[in-house]
Colleague: 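Take this structure, written in structure tokens, and hold onto it; I'll ask about it next.
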Amino acid sequence: MTLKQNDDRAQFYQQLKAGTVPHAILLSGAEAGQVLAVGKEFAAALLCAEASLEGACGSCLRCQLFQEGNQPDFKFLDKAEDRLIKVERIRSEVIADLYISPQFGTRKVYLICADELNEQGQNILLKSLEEPPEGVYFILPAVEKARLLPTVLSRLAEYHIMPSTNASAELTGAGDIDFTRLRNLFFGLVSFTRADLLLEGLDYLLGERENIDKYLRELQDLLRDLAFALSDPQFLADDLTVIDEYERTKALANRMRENSETAINCLSDSLKASLELEQALAVNSSLEVSLGQYLLALRRNLAKAVKSDEIDK
């Protein structure tokens, strides 16, 4: 297990050895695939009979059951085929299950994708997060922790996970999605006319609607990388989430640097627009309308950031 500087995974395993792991954990700092993968690592270690500072042993019966997806003391909740995690699932798979004794050892672990919880789902979890039964642990990976209610955040111990795009792709299968065309769209936005953007960009993304959440997260990563590059002219490729786009990120950041104050505001507005789009889609708003508005806003913000004459076309 290779830990980057400022990564809190080492702290977790030290606490595990000392028996002081918090009962409710928030994982943040990296993209969705990686924080989820780390969440599974933590869950496996908590349930392992022979866990060490290197994590779960991988060979005991509990680990074998975990690897096979048959560990009865582990529950994983994500949105599956729905827009968000259904409240009924939280009640039936978590609340109703809490006080059932573990079948192996003394621990039970609930891994819940925090980004996929609505306000009602978060509220239902509040009491359990604050006062769970002995031996019950909650792990909530989150990309946008600002989505979580303050009352939920106050009950979670946060562990920061350093981004590692390549590692997360290997762990989650995200490498099966080719983001090349999306990245070309992003870096070409400034020179796109409105008509070209709606024809090329919107049609393309509508054709990828099954993976639209992953495409939106990729765009958010590109925006964050651009903001970081703008704030630190000496940044390195390893500082970025999307490492492969170091050269284009650097070039676009350099174009924005003379207009840096406006550019930072534009990038911030673009990230807010990304979150608003996700929220709109979560309540079943029209994908075509919401996505079209977002792409136009993204183009407008980036063009303004580089003082492009293309903004009005």
Side-chain angles (χ1 to χ4, degrees), residues 1-67 71-78 94 97-115 117 122 125-146 148-164 167-168 171-172:
M1 177 176 60
T2 301
L3 304 183
K4 288 192 173 186
Q5 186 178 8
N6 298 324
D7 195 309
D8 289 338
R9 278 177 283 184
Q11 176 187 341
F12 170 84
Y13 287 109
Q14 289 166 358
Q15 291 173 330
L16 180 61
K17 183 177 181 180
T20 59
V21 172
H23 63 258
I25 291 171
L26 172 68
L27 298 178
S28 66
E31 57 94 28
Q34 189 181 0
V35 287
L36 177 56
V38 173
K40 291 180 179 178
E41 289 179 14
F42 282 11
L46 281 165
L47 296 170
C48 175
E50 302 291 341
S52 69
L53 291 177
E54 295 299 315
C57 72
S59 57
C60 69
L61 176 59
R62 300 178 201 175
C63 283
Q64 291 175 18
L65 291 171
F66 189 93
Q67 293 162 5
Q71 168 55 276
D73 300 325
F74 172 69
K75 303 289 184 182
F76 171 54
L77 273 74
D78 67 354
V94 180
D97 184 72
L98 277 176
Y99 290 91
I100 298 176
S101 299
Q103 294 189 36
F104 297 91
T106 60
R107 294 172 179 160
K108 297 178 70 171
V109 179
Y110 298 89
L111 177 63
I112 304 173
C113 294
D115 293 313
L117 290 168
Q122 293 180 50
L125 283 172
L126 274 179
K127 184 176 180 181
S128 299
L129 291 174
E130 184 172 14
E131 298 178 353
E134 183 70 25
V136 169
Y137 294 84
F138 289 92
I139 301 175
L140 279 68
V143 174
E144 300 296 340
K145 67 178 183 180
L148 295 176
L149 299 172
T151 48
V152 171
L153 284 173
S154 68
R155 289 160 171 78
L156 300 172
E158 184 173 2
Y159 292 74
H160 186 270
I161 307 303
M162 290 293 288
S164 176
S168 62
L171 288 167
T172 66

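Values reported hereafter were calculated over all heavy atoms of this structure, with side chains retained and with hydrogens, waters and symmetry mates removed. Residue numbers count from 1 along this sequence.
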Colleague: To the closest 0.5 Å, what do you measure between CD1 (Ile25) and CG (Leu156)?
Modeller: 9.5 Å
Colleague: For Gln14, enumerate each residue passing the side chain to side chain contact (heavy atoms under 4.5 Å, CB included) test, keeping only those at least two apart in sequence or located in another chain.
Modeller: Leu53
Colleague: Residues in side chain to side chain contact (heavy atoms under 4.5 Å, CB included) with Gln67, at least two apart?
Modeller: Cys63
Colleague: Ile112 and Asp78: side-chain contact (heavy atoms from CB on, under 4.5 Å), yes or no, with the steps?
Modeller: CA-CA 6 Å; Ile112 304 173; Asp78 67 354; over 6 Å; no
Colleague: Taking C-beta and beyond as the side chain, do Leu117 and Leu77 meet within less than 4.5 Å on heavy atoms?
Modeller: no
Colleague: Can you list everything that forms a salt bridge (Lys or Arg N to Asp or Glu O under 4.0 Å) with Asp97? Sequence neighbours excluded, please.
Modeller: Lys108
Colleague: Output the distance between atom CD (Glu41) and atom CG (Leu46), rounded to the nearest 0.5 Å.
Modeller: 12.0 Å
Colleague: Identify which one of Tyr110, Phe138, Phe66 satisfies the ring pair (Phe, Tyr, Trp, His ring centres under 6.0 Å) criterion when paired with Phe74.
Modeller: Phe66
Colleague: Rounded to the nearest 0.5 Å, what separation is found between the OG atom of Ser52 and the OH atom of Tyr13?
Modeller: 8.5 Å
Colleague: Could you list the residues that satisfy side chain to side chain donor-acceptor pair (under 3.5 Å) with Gln15, not counting sequence neighbours?
Modeller: Tyr159
Colleague: Does the separation of the ring centres of Phe42 and Tyr137 fall below 6.0 angstrom?
Modeller: no
Colleague: For Phe104, check ring-ring contact (aromatic ring centres under 6.0 Å, His included) against everything at least two apart and list the hits.
Modeller: none
Colleague: Using the salt bridge (charged side-chain N to carboxylate O under 4.0 Å, His left out) rule, collect all pairs that involve residues 149-158, keeping only residues at least two apart or in two chains.
Modeller: Glu130-Arg155, Lys145-Glu158
Colleague: So, taking the atom named CD1 in Ile161 and the one named CD in Glu31, what distance separates them when rounded to the nearest 0.5 Å?
Modeller: 12.0 Å
